[in-house]
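Structure first, then comments.
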Amino acid sequence: MNRNEGAERLGLDMNGLQAACAAVNRAIDAGIMPGAVLGVLHRGETWFYAAGFADPDPKQGEPAAVHKDTLYDCASITKVAVTLPLILQLVDEGRITLSTKAADIVPAFGASGKMAITVGELLTHTSGLAADMNLHSHGWSREQMWDAVLTFPLSSETGMNVVYSDLGYLTLGRIAEELLQMPLDQAVRQRVFEPLGMLDSTLTPSLEQLGRYAATEYDEEFQGHLCGVVHDEKARALGGVCGHAGLFATAGDLLRYAHMWLLEGAVPAPSGQTDEGAAVLTDIEADAGAASNTETGTAVAAEASSPAHSLSLAAEASSPAHSLSLAAGASSPAHSLSLAAEASSPAHSLSPAAGASSSARIQSPAARASSPARILSLAAARTAIKPHTAAIPGANRGLGWVLKGDRMDASGDWMSERAYGHTGFTGTSLWIDPAYDLAVVLLTNRVYGGRSSSVKELRVQVHNAITGAVRDPN
């Protein structure tokens, strides 16, 4: 068996995948974050790498290892994965336009000289609103907090600068709620998450699933690291359901969302659908205490010890697989490439693998011609990723999205001029490159040890390695 076969099914070079995983391992070993999940979508197929701990020091129980399906606090990815699609849908439906004045929908917003600010200016961060404000330390009621947000004065002249503003997306979230007559979490679940199969994504984490969440910063009031509780103070004060932060999601769910954008607004084919003659792919996932899942054809290995950072290519006898996965070590991290021939070999990660009965393939390029359902119109999807701030020096923003060359661009050196994405303060990012039919999700909890750790360089390293691994963009 050729150990590169699994990578080649994705059209990716094994060396590039190894380099991306090695960059993640180095950041964990350097203490930048305790763990991470890296997810890649290329040509409709997915690959994942998980390493480290979701919660190294939980209030109860043993340290929790990271798995592919660990839920991360996505912070400002909320802006583009929750608020943006709802607003674009409202434009598609003729309820508003990009030129609609925000105060026409939420009259209180018109205070302090903001009557003329438009939905489009809020989306592109050119409204002149301040970046942030303190909501959480005043003891205000929810009503008082919203009154403070909506009546807050401008900090600069509208349309002259890009000022990345949480307040603008808080306002957009309120606009969506007013027009849809339902809370933001319910709206995005019905209109985005459920149609795309993003079944784990939520703005309201479940207490019953706390073991699945990656912990973030230590909080005095919480008397521990926040886990399943939104990190952003404004979002937390407002109950977690708002337009700028609060989304919890898995890497797989965010890749489903990214795939919709690569399909220019269309709903991808459900998992399990493949082109005639296409390879059927499964994930090999090592969950602590789990055994082989014969119903889905997924090979599952069990390991109770701490996760290691090692790359292995696994082959399971009854369901052949070619997968990059984390091999488990007894106690200390190891960075090695190895071949595993049995499903019982301990592993702490997953990747594409060839199997007989289930599929992680989302949709191949050949199947893109007709999807019966759409999240966004073709026009909305294309307009959102066009430059809307060309006249502003140092800025290159789409509607919501950060475009190539913007001062907040984290795409790296090799992604094309068509690349776009967004980051989250907690250490998360989602980047999409239509030129390479590629999406990369990196989820970390870099704020676990405080706010000084940075994953800025790690994002570039990972994006360079993955983009450099693309052999054939077609």
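What you see is a predicted model, and the numbers here were worked out from it, not measured in a lab.
- Under the 4.0 Å criterion applied to side-chain N and carboxylate O atoms, Arg397 and Asp409 are not assigned as salt-bridge partners.
- Separating the OG1 atom in Thr250 from the CE atom in Met198 is a distance of 7.5 Å, to the nearest 0.5 Å.
- When side chains are defined from C-beta on, His244 does not count as touching Thr78, because their heavy atoms never get closer than 4.5 Å.
- In this structure, the side chains of Leu438 and Arg43 stay at 4.5 Å or more apart for every pair of heavy atoms.
- Rounded to the nearest 0.5 Å, atoms CD (Glu457) and CD1 (Ile32) are 9.5 Å apart.
- Side-chain contact check for His231 and Glu217: at least one donor-acceptor pair (N or O, by modelled atom type) lies under 3.5 Å.
- Judged by distance alone, the side chains of Tyr49 and Asn25 do bring a donor and an acceptor atom under 3.5 Å apart.
- Taken to the nearest 0.5 Å, the CG atom of Leu17 stands 7.5 Å off from the CG atom of Leu10.
- Gln190 CD to Leu180 CG: the interatomic distance, rounded to the nearest 0.5 Å, is 9.5 Å.
- In this structure, CD1 in Ile77 is found 10.5 Å from OG in Ser201, a value given to the nearest 0.5 Å.
- Here CZ of Arg212 is found 10.5 Å from NE2 of His67. Values are rounded to the nearest 0.5 Å.
- Test Arg191, Arg374, Arg95 against Gln89 for side-chain hydrogen bond (donor to acceptor under 3.5 Å, both in side chains) and you get one pass: Arg191.
- Figure legend: cation-pi geometry between Arg174 and Trp146, with NZ or CZ positioned under 6.0 Å from the six-membered ring centre and within 45° of its axis.
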>> side-chain hydrogen bond (donor to acceptor under 3.5 Å, both in side chains) for Ser156 and Asn161? Distances and angles first, verdict last.
In response: CA-CA 8 Å; Ser156 62; Asn161 297 289; 4.6 Å; no
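- For the residue pair Ser76 and Tyr164, a side-chain donor N or O sits within less than 3.5 Å of a side-chain acceptor on the partner.
- Within a 6.0 Å radius of CE in Met160, no more than 12 heavy atoms belonging to other residues, nucleotides or ligands are found.
- Asp104 and Lys101 are not joined by a salt bridge, as no carboxylate oxygen comes within less than 4.0 angstrom of a charged side-chain nitrogen.
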